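Note on naming: letters A, B, ... go to the chains in the order of the sequence lines (proteins, then strands), and numbering restarts at 1 for each one. These numbers come from a predicted model, not from an experiment. Hydrogens, waters and symmetry mates are skipped; everything else that's a heavy atom, side chains included, is used.
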Number of protein chains: 2
Amino acid sequence: MSIGNLSQLDRALFGLRSLVMNGEFEGGQRLPEVAVAKQLGTSRTPLRQAMDRLVAEGLLERIETGGCRVATFTRDDIADAIEVRGVIEGTAARMAAERGVSADLLGQANDALEGIDRALEASDGLNFECYVRRNAKFHALLAKFSGSALIRREIERMSLLPLASPSAFLSEQAAMPGFQESLRYAQRQHRAILEAITNREGARAEALVREHARLALINLNYLTDVQPTLVKDVPGLALLAST
Amino acid sequence: MSIGNLSQLDRALFGLRSLVMNGEFEGGQRLPEVAVAKQLGTSRTPLRQAMDRLVAEGLLERIETGGCRVATFTRDDIADAIEVRGVIEGTAARMAAERGVSADLLGQANDALEGIDRALEASDGLNFECYVRRNAKFHALLAKFSGSALIRREIERMSLLPLASPSAFLSEQAAMPGFQESLRYAQRQHRAILEAITNREGARAEALVREHARLALINLNYLTDVQPTLVKDVPGLALLAST
DNA sequence: ATGCAATAAGATGTATACAATTGGTGTGAA
DNA sequence: TTCACACCAATTGTATACATCTTATTGCAT
């Protein structure tokens with residue numbers, strides 16, 4: 001359990017999550033414990049723990065007669081997950097506005113947004129890696145703003161669902177037409193959200209965050225309808241029901 | 001795994017949840033696996049599975065150096081849990097209004113509300129048991145209305161948290177002054193919620209459900225401030241931090 | 001007396017053996 | 001040919017033994 005030396009449970013958890021997300025298993029089929037344990041180089045005990053956790057995450061589902069199968073998601077499922085993430089993040093923003101946020105935290109959020117500005121104005125057009133990092137930072141701060149550990153955990157939880165996280169589609173979005181314009185739109189929303197929270201405008205903050213989350217929906221639709229060839233590159237998209 | 005013959009995991013899960021909810025363990029102390037396993041009459045393997053699930057439910061928390069401890073909740077934690085339940089139930093109601101609900105389901109909800117009416121008008125003043133049952137039924141239908149399995153699961157999940165469920169305080173509420181008047185107020189909210197959903201008024205339905213959830217907060221405050229002697233009778237209230 | 005270190009006891013993490021249940025396959029009869 | 005029943009293989013659920021890591025206690029040195 002030392003640093004950099006993972007426990008068997010962590011190895012099984014990361015390994016299995018990665019296998020499932022990358023679509024290594026046929027959707028709906030049962031995961032045979034012995035075979036998967038051998039594949040991951042661990043025993044059944046930590047593997048079963050890992051499976052329990054992935055069931056809790058929603059990535060696997062229990063079979064009544066025993067064992068687990070890979071969960072499959074319809075596009076409606078993913079849309080609902082994105083909507084719920086937006087709703088809870090929106091609640092975090094509203095609470096932040098209502099209860100007030102420390103100047104230190106507000107400053108950190110402002111720093112993150114300035115970092116995004118710099119990433120957008122980079123000399124070579126866009127510093128993509130920097131954008132992704134600062135975007136994740138801003139969303140993490142938003143969850144923290146609420147002052148509620150429960151809210152923060154719930155947002156993290158929803159973001160674990162495949163394709164529901166704030167940066168789920170960022171890596172492949174680069175191929176989209178109007179990509180940079182979309183990032184600039186998102187950044188204006190970021191600014192407005194932070195302004196609303198600072199001004200203690202709870203309803204405005206909540207509505208803005210909800211709308212902001214729906215950007216992920218647009219990307220989902222683009223990837224599945226217009227550019228299905230990219231599907232293989234987006235982690236978790238393999239779990240989308242083929243219908 | 002036959003009917004009525006629980007698996008060891010279920011036995012451990014129900015038993016441990018009950019022990020924790022009833023405050024059999026000192027808050028914050030580590031749960032010794034061997035001792036608890038012996039107490040529950042099972043081995044460590046299913047007990048550890050049960051502990052993992054209770055961690056996912058939020059009832060236990062992991063200790064960094066190994067093992068689990070009983071989670072403690074501040075009143076703010078419980079207030080946040082109630083708020084989040086209200087927010088997600090509100091989203092379910094809004095989605096129901098936006099997407100439409102089948103006449104069959106609407107009819108079932110109406111039946112539940114008529115059952116509550118009858119319970120409130122019983123000759124001996126109040127049929128309490130009937131009220132509780134129909135109230136739970138109405139809230140379950142509300143979750144179902146959304147048409148989203150994810151939403152339904154998240155509402156169930158939030159309702160598992162101690163004191164966050166729609167009927168968490170009902171059993172002890174009888175000792176409150178103005179108790180029946182409070183139930184009538186709640187029932188008027190029920191009617192308004194159903195009307196808003198039927199009329200496809202999403203924003204109204206969402207706002208009403210949020211306000212409805214806050215009734216639980218009032219009961220929480222009453223129990224902890226005015227009638228702390230009742231604390232022992234409410235399951236889960238033992239987990240409230242004594243501060 | 002206090003602080004640190006070492007040791008021992010006890011707890012958790014992991015592997016594996018065994019039991020019980022499931023699911024498939026093959027054979028037989030209608 | 002098809003359905004049913006039985007048997008066998010394979011898989012999951014459970015218990016337990018073992019290894020590793022905590023943690024508390026004791027003793028020693030300052």
Side-chain angles (χ1 to χ4, degrees), chain A residues 1-20 23-72, chain B residues 1-20 23-72:
Chain A
M1 210 175 293
S2 59
I3 307 174
N5 205 1
L6 296 167
S7 70
Q8 293 299 97
L9 167 59
D10 286 337
R11 204 192 317 277
L13 187 57
F14 298 149
L16 183 55
R17 193 191 281 123
S18 163
L19 286 176
V20 171
E24 295 285 326
F25 301 102
E26 292 302 316
Q29 98 181 21
R30 175 144 83 185
L31 294 184
E33 294 179 0
V34 281
V36 176
K38 203 173 75 175
Q39 188 173 357
L40 293 172
T42 182
S43 82
R44 279 180 59 216
T45 305
L47 172 66
R48 292 182 104 245
Q49 277 184 277
M51 287 169 116
D52 278 345
R53 295 232 198 152
L54 293 185
V55 166
E57 282 183 18
L59 215 59
L60 303 181
E61 52 190 25
R62 246 174 267 285
I63 303 176
E64 303 72 22
T65 60
C68 296
R69 70 165 70 94
V70 176
T72 58
Chain B
M1 210 176 291
S2 59
I3 306 176
N5 205 3
L6 297 168
S7 69
Q8 292 300 98
L9 167 59
D10 286 337
R11 203 191 318 279
L13 187 57
F14 297 148
L16 183 55
R17 192 192 281 122
S18 163
L19 286 177
V20 171
E24 295 285 326
F25 301 102
E26 292 302 315
Q29 96 181 22
R30 174 142 83 188
L31 294 184
E33 294 179 359
V34 281
V36 177
K38 202 174 77 176
Q39 188 175 356
L40 292 174
T42 182
S43 82
R44 279 180 61 215
T45 305
L47 172 66
R48 293 180 107 248
Q49 277 184 277
M51 287 169 117
D52 278 346
R53 294 232 197 152
L54 293 185
V55 166
E57 283 183 16
L59 216 59
L60 304 181
E61 51 191 23
R62 245 173 268 285
I63 303 176
E64 304 70 22
T65 60
C68 295
R69 70 164 69 92
V70 176
T72 59

Can you tell me whether the side chain of Thr65(A) and the base of dT21(C) have a donor-acceptor pair closer than 3.5 Å? no

Under the 3.5 angstrom rule, does the side chain of Arg44(A) hit a backbone N or O of Val36(A) as a donor-acceptor pair? no

In whole angstroms, the gap separating P of dT16(D) from CD of Gln49(B) amounts to 16 Å

Winner on side-chain proximity to Val34(B), out of dT12(C), dT14(C), dT11(D), is dT12(C)

Taking for Thr45(B) and for Pro32(B) the nucleotide of DNA chain C with the nearest heavy atom, the one nearer the 5' end belongs to Pro32(B)

What one should report as the nearest heavy-atom pair of Arg11(A) and Leu40(A) is CD-O, 4.2 Å

Between CD of Gln8(B) and P of dA20(C) the distance, given in whole Å, is 11 Å

When rounded to whole Å, the CG to P distance for the pair Leu6(A) and dT14(C) reads 11 Å

Indicate yes or no for a side-chain donor-acceptor contact from Arg69(B) to the backbone of Gly28(B) under 3.5 Å, with no hydrogens or angles considered. yes

Closest to the side chain of Glu33(A), out of dA15(D), dT12(D), dA15(C), is dT12(D)

Using a strict cut-off of less than 4.0 Å between a Lys/Arg side-chain nitrogen and an Asp/Glu carboxylate oxygen, indicate whether Arg53(B) and Asp10(B) qualify as a salt bridge.
no

| Within the structure shown, what part of the strands sits under 4.0 Å from Leu31(B) by heavy-atom distance: base, sugar-phosphate, or nothing? | sugar-phosphate

Testing dT11(D), dT14(C), dA17(C) for proximity to the side chain of Leu9(A), the answer is dT14(C)

Here the distance between atom P of dT16(D) and atom NZ of Lys38(B), to the nearest Å, is 13 Å

Q.
More than 12 heavy atoms of other residues, nucleotides or ligands under 6.0 Å from CD of Glu26(A): yes or no?
A. no

note: Arg30(A), atom CZ; dG23(C), atom P; distance rounded to Å ~ 6 Å

Taken to the nearest whole Å, CD1/Ile63(B) to P/dT12(C) is 8 Å

Rounded to whole Å, the CG-P distance (Leu13(B) to dT14(D)) equals 12 Å

To the nearest angstrom, the CZ-P distance between Arg44(A) and dA15(D) comes to 14 Å

